[in-house]
J.: 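Quick one: the structure is below, questions incoming.
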Amino acid sequence: MKKMQHYFTVCLTILFFSCSSFGQNTKEQNSITYEKKIEELLAKMTVEEKVGQMNLYNGFWDATGPVPKKGNAKTKYEHLKKGWVGAMLNVKGSDKTRELQKFAVEETRLGIPLLFGFDVIHGYKTLSPIPLAESASWDLEAIEKSARVAATEASAAGINWTFAPMVDISRDARWGRVMEGGGEDPYLGSKIAVARVKGFQGENLSAKNTIIATAKHFAAYGFIEAGKEYNTVSIGNSTLYNTVLPPFKAAKDAGVRSFMNAFNDLNGIPASTNTFLQRDILKGKWNFNGFVVSDWASINEAIFWGQAKDKKEAAYLAATAGSDMDMEGYVYIKELANLVKDGKVDETILDHAVRRILKVKFELGLFDDPYKYCNEDREKKIIGQQSHHNAVLDMAKKSIVLLKNQNQLLPLQKEGKKIALIGHLADDDNSPLGSWRLASDDHSAVTILDGMKAYKGNTLSYEKGVELYNGNPTFVTEVNINTTNRKGIQEAVETAKNADVVVMVLGEHGFQSGEGRTRTNLDLPGLQQELLEAVYKVNPNIVLVLQAGRPLAINWAKEHIPAIVMGWQLGTQTGNAIAQVLYGDYNPSGKLPMTFPRNVGQIPIYYNYKSTGRGSNTQNNVFWSHYSDVENTPLYPFGYGLSYTSFQYDNLQINKLKFSKEETIKISVDLTNMGNYDGKEVVQLYIRDKFASTVRPVKELKGFELVALKRGETKNINFELSKAELGFYNNQGTFLVEEGEFEIFVGTDSNADLKAIFELK
Ligand code: NOJ
């Protein structure tokens, strides 16, 4: 152990001082000033006070994880007063944060201010769509703005640290947390990660309305086996380096100030005690100079993983592996000081962790004004202001994906029609808020029924059909899905019979996705499929609006229902957004950030799968990579989404046929709006590296542009590719750019087939 400590002491010292500060001159100067102050402070701290900075306690009101059985509020207050707490989570409101900050600043020996962390995942009080939905916009500016609105509200309520963005790539729609991420693709996921970090952190961290962001969950949580929550992970290096890590690296490069580790293991080492991930990659290779927080009690869980025999060993393993802060795990606070005193953990390990944490506190300006986020007038004025509602409405409309629109059933006519609106979710003001909305008011979403009522030229009748769920699901309870009570189906059928168009709102409750919510079945839950088919029998003129936090397997609907709209959970302004899209006041342009499977058995299903030895059926026999009972293709591919207008791609050109590795490849394509509406299209560019030293995906997204076109208009769209897009990581994590032939594909989704070829020499 001694040898190891020495290694850490030397490496960490070199690392900390060689870490480049994250900005231009002023930032560098500030950082030099901070470093002096940090050293002065550190010199005064006892071991217990150092451990205190590494201790993150949950507050006394809400909890986002399992809470210890015995009430421990008293101990927490005592620890606060002793300076044994560096940060709190789940404390919100300028009054409560001020009260606790006062303890830290006025009653502790050194008066070091607290960080206040919170899961500001898709808004604070005014909610944006769930992150997966936002990702469907492919609109990076809008996504950044949405995070900005969230940070503005959260910072007005005393919060200075969000546990977002979740940048876990996932190919498994069973996993409930796909709702929280950017989807299945590392390129899109990286761009979105950067947009969100920029939105939360802004230009200047010391401003009153910016908060620090967290790239989570480091790493590979999106690859838990069978999508089962908190499970083990088994992936190879190629997936780790090329798929899992890129969005984290992008977030780091964008200056994210904290990383959160994860509940999973990687190669048998839990993420919280994983030296390879935290020390070698994150703090070593990437020179990350912020701090790493554990996930909720995840350090403690090294015991249940069977890696540590007790809390002492868990604390030792996590601290030496580079976890700087223990979230609600009581492990550091209980064991770390003794480990130092017993000579088991070198104090410099604590010093390095504390330096990182203090640095962020300095960057936020907490030492200048610890109460800067605790202003009640500001809180009242800012939270829920109209401009925030406008922004989340805009984001919600941009997130909607039109999946099918046979015979232009949509947009709906605004006058003289009889519309039947059916579905429990259509009149639900809680579910559309989605999961992860701890600071919002329950039942505060605009319902689709209310959104539709604003269009007064038609006659609107509403029927629930069947109850989707019983009771009032919460963040910590399972949703009790109705599978027996069919009361209401007949009324819905009668109403549908007399309608010109039926709008059915079906899908999942907002709390069927999110943490702790894995499903093994991706059909419409409960009796909704039965309701859909019953209504279809009497009136097939149906617009199906789907609400869900993940892709659903809606085969029957795709085959029979003429119009389908993916409406996710769109947050506070859900009803207005859906109504404006259905009535054509907004032309949808969203594209799927995750593949929709035909059935659960196809999962993991994703567009950028690797080439295999038997990828196609050349001899018309069974000896190729396929299923016997369902085709290989998905229900809807990654990148898919329609518009009320139509687009045509022509004239794909590359400026040359052969390039050196140092050259930039210029690609252009003409895009024409052929339909009757102005609209937006996400032009997508994919590459295929035809031969390489390790197997490459059949297609990889390497560029996209959101283009607005008036009807009849043509635009010339340009892309550039260079080394960064053409290379890949080998199994040792080295980035390689190899010579050879590449294909490029440009088009409207991942099935893009307008193709060109070039060679890298
Ligand atoms: C556990 C979740 O995994 C994490 O994402 C979240 O930030 C923490 N709980 C805190 O609520």
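Both ligands and their constituent atoms are indexed starting at 1 by order of listing. Position 1 is the first residue of the sequence; numbering continues from there.
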J.: Can you name the nearest heavy-atom pair linking Asn375 to Ser94, along with the distance?
T.: N-CB, 3.6 Å
J.: Counting from 1, what ligand 1 atoms have a heavy atom of Lys216 closer than 4.0 Å?
T.: 4 (C), 5 (O), 6 (C), 7 (O)
J.: Verify whether one side chain among Asn521 and Arg174 offers a donor that lies under 3.5 Å from an acceptor in the other.
T.: no
J.: Measure Thr214 to ligand 1 on non-hydrogen atoms and call it side chain, backbone, both or neither using the 4.0 Å cut-off.
T.: neither
J.: Is it true that Asn608 and Tyr187 share a donor-acceptor pair across their side chains at a distance under 3.5 Å?
T.: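 No, no side-chain donor-acceptor contact under 3.5 Å.
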J.: Mind checking whether Tyr221 has an N or O less than 3.5 Å away from an N or O of ligand 1?
T.: no
J.: For atom 10 (C) of ligand 1, find the nearest protein heavy atom and state the residue, atom name and distance (0.1 Å precision).
T.: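 The protein heavy atom lying closest is Asp119 OD2, 3.2 Å.
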J.: For Leu89, take its heavy atoms, then give the atoms of ligand 1 lying under 4.0 Å from any of them.
T.: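 In order of numbering, the contacting atoms are 10 (C).
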J.: Taking atom CG of Asn264 and atom CD of Glu301, what is their separation to the nearest 0.5 Å?
T.: 11.0 Å
J.: Please state whether Arg177 comes within less than 4.0 angstrom of ligand 1, counting heavy atoms only.
T.: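 Flag set, Arg177 near ligand 1.
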J.: Taking only heavy atoms of Thr64 into account, list the atoms of ligand 1 that are under 4.0 Å away from them.
T.: 9 (N), 10 (C), 11 (O)
J.: Just to confirm my output: which protein heavy-atom neighbour is closest to atom 8 (C) of ligand 1, and how far is it?
T.: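 Result: Asp295 OD1, 3.3 Å.
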J.: Using a 4.0 Å cut-off to any heavy atom of Phe163, which atoms of ligand 1 qualify?
T.: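 Those qualifying, in numeric order: 7 (O).
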J.: Is there a ring pair (Phe, Tyr, Trp, His ring centres under 6.0 Å) between Tyr330 and Trp84 once you walk through the steps?
T.: CA-CA 11 Å; Tyr330 308 92; Trp84 289 4; over 10 Å; no
J.: Under a 3.5 Å threshold, yes or no: a donor from one side chain and an acceptor from the other, between Ser258 and Thr214?
T.: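 Ser258 vs Thr214: donor-acceptor pair found between side chains.
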J.: One thing to verify: whether Glu180 and Lys216 come together as a salt bridge, which I'm taking to mean a side-chain N less than 4.0 angstrom from a carboxylate O.
T.: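 A salt bridge links Lys216 with Glu180.
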